[in-house]
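Notes to accompany the following structure.
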Amino acid sequence: MKIKTALILCAGYGKRLNPITLTTPKPLLKINQITLLENCINLIHSLGIKKILINTFYLSEKIEQFLKDKKFNLEIKIVNDGSIILDTGGGILNLINSSNETDFITFNPDTVWNENYKKYIKHMEKFYFLNKVKNILLLANENLSFDKNLKGDFNLKKNIIKKDEHNRLIYTGCQILNKSLFDSYKVGNFSISNIWNKLINKDELHGFESLEDFRHLTDLNIYKKLLEN
């Protein structure tokens, strides 16, 4: 891949998975005997990306210790949110401020990533650079979601993201973005959806549809069901 640096968002409290996340950060929960974080790192490594920035806040010391113990053969840097937890937008900005790169791919480890996503991510990156877009989201049809209570966030029309009365596509937790999107922002508590909504209004937010089954740790009930499958 052309993109050299991946971002993993690991700062959240994981409140919907209490009580197990009272002592274990959500990225360190296991599915099929592997933590969500390691699963995500393995996918990034298989894409040929060797630099990873990870943001932390809640139970950050446990994530730091996990990474020390695993000794991944990658350049991994932890960037703490600071004195307050940052939302997705602020967290991403805080991460990219630690890099000289211009283009980044971000991952939410709440999704149970697997090797089948590689082809979609590579095609998404190709579209991103070929069409010189600033932001593209990997989406999945709600019919492919393990959690049937999850409803679509968006629709797509020729890879342009729309919001309609009924939306069928769910954001998977993976996107490619350009640093320039944050030129008017300072590090703080703000959602990446602030940027998305501005781009949608200008028909400048792009999407790419994955056809892979979508498994996401929505809450404790879904986590238990995923463990049974």
Side-chain angles (χ1 to χ4, degrees), residues 1-3 5-12 16 53 55 79 81 84-111 113 117 120-145 147 149-212 214 216 218:
M1 290 183 68
K2 289 184 179 180
I3 293 174
T5 301
L7 316 177
I8 306 179
L9 305 181
C10 292
R16 286 177 292 184
L53 301 176
N55 79 323
V79 180
D81 274 7
I84 61 168
I85 191 169
L86 303 173
D87 204 338
T88 48
I92 290 172
L93 177 54
N94 197 38
L95 286 170
I96 64 178
N97 281 345
S98 302
S99 173
N100 293 321
E101 301 288 339
T102 301
D103 301 289
F104 301 86
I105 184 167
T106 79
F107 288 91
N108 185 334
D110 296 5
T111 295
W113 301 103
Y117 279 102
Y120 299 110
I121 292 171
K122 288 182 176 181
H123 285 309
M124 180 173 72
E125 186 203 44
K126 183 178 180 180
F127 183 97
Y128 175 86
F129 285 111
L130 186 63
N131 294 279
K132 298 179 181 179
V133 304
K134 294 291 183 70
N135 201 178
I136 187 166
L137 280 55
L138 189 65
L139 308 172
N141 194 294
E142 60 188 10
N143 293 332
L144 295 176
S145 177
D147 181 356
N149 290 320
L150 277 182
K151 300 302 178 184
D153 308 296
F154 309 109
N155 284 326
L156 272 183
K157 186 175 182 180
K158 295 183 178 179
N159 292 103
I160 298 291
I161 286 180
K162 305 283 187 180
K163 282 188 176 181
D164 301 313
E165 186 175 346
H166 175 66
N167 301 296
R168 63 183 184 86
L169 297 174
I170 300 170
Y171 173 54
T172 64
C174 175
Q175 64 177 317
I176 298 174
L177 52 80
N178 186 279
K179 193 173 188 175
S180 64
L181 290 173
F182 296 84
D183 284 349
S184 63
Y185 289 85
K186 294 182 179 180
V187 173
N189 190 309
F190 68 93
S191 172
I192 190 65
S193 63
N194 294 358
I195 292 174
W196 291 350
N197 289 334
K198 289 180 180 179
L199 292 173
I200 287 172
N201 289 336
K202 297 185 290 183
D203 285 337
E204 293 179 1
L205 183 62
H206 292 77
F208 196 91
E209 187 171 354
S210 161
L211 301 180
E212 177 63 16
F214 178 58
H216 179 271
T218 317

Q.
side chain to side chain contact (heavy atoms under 4.5 Å, CB included) for E212 and L144? Distances and angles first, verdict last.
A. CA-CA 7 Å; E212 177 63 16; L144 295 176; over 6 Å; no

Side chain to side chain, [X] and [Y], heavy atoms closer than 4.5 Å:
X: F190; Y: D87; value: no
X: F182; Y: L177; value: yes
X: C174; Y: W113; value: yes
X: H206; Y: L156; value: no
X: F154; Y: K163; value: yes

Could you check whether any side-chain N or O of [X] sits under 3.5 Å from a backbone N or O of [Y], counting only pairs where one atom can act as donor and the other as acceptor?
X: N197; Y: S193; result: yes
X: N167; Y: L169; result: no
X: N189; Y: I85; result: yes
X: D81; Y: L86; result: yes
X: T111; Y: T172; result: yes
X: N178; Y: S180; result: yes
X: K2; Y: E125; result: no

Applying side chain to side chain contact (heavy atoms under 4.5 Å, CB included) between [X] and each of [options], report the one that passes.
X: L53; options: L95, I92, N97; answer: L95
X: L139; options: N155, I161, D153; answer: I161
X: Q175; options: L205, I192, L138, I136; answer: I192

Over all atoms of both residues, closest heavy-atom pair of [X] and [Y]:
X: F208; Y: H123; value: CZ-CB, 3.4 Å
X: G152; Y: I170; value: CA-CG1, 3.9 Å
X: I3; Y: D103; value: CG2-O, 3.8 Å
X: V79; Y: S98; value: CG2-OG, 3.7 Å
X: S99; Y: T5; value: OG-OG1, 4.3 Å
X: M1; Y: I121; value: CE-CG2, 4.0 Å

Q) Just by distance, with hydrogens left out, do N108 and Y171 show a side-chain donor and acceptor under 3.5 Å apart? A) no

Q: Find the distance between CG (L93) and OH (Y185) and round it off to the nearest 0.5 Å.
A: 10.0 Å

Q: Quick one: pull up OH in Y117 and CG in L211 and give me the separation to the nearest 0.5 Å.
A: 10.5 Å

Q) Can N135 and L181 be said to form a side chain to side chain contact (heavy atoms under 4.5 Å, CB included), step by step? A) CA-CA 8 Å; N135 201 178; L181 290 173; 3.7 Å; yes

Q. Counting only heavy atoms not in N131, do more than 12 sit closer than 6.0 Å to its CG atom?
A. yes

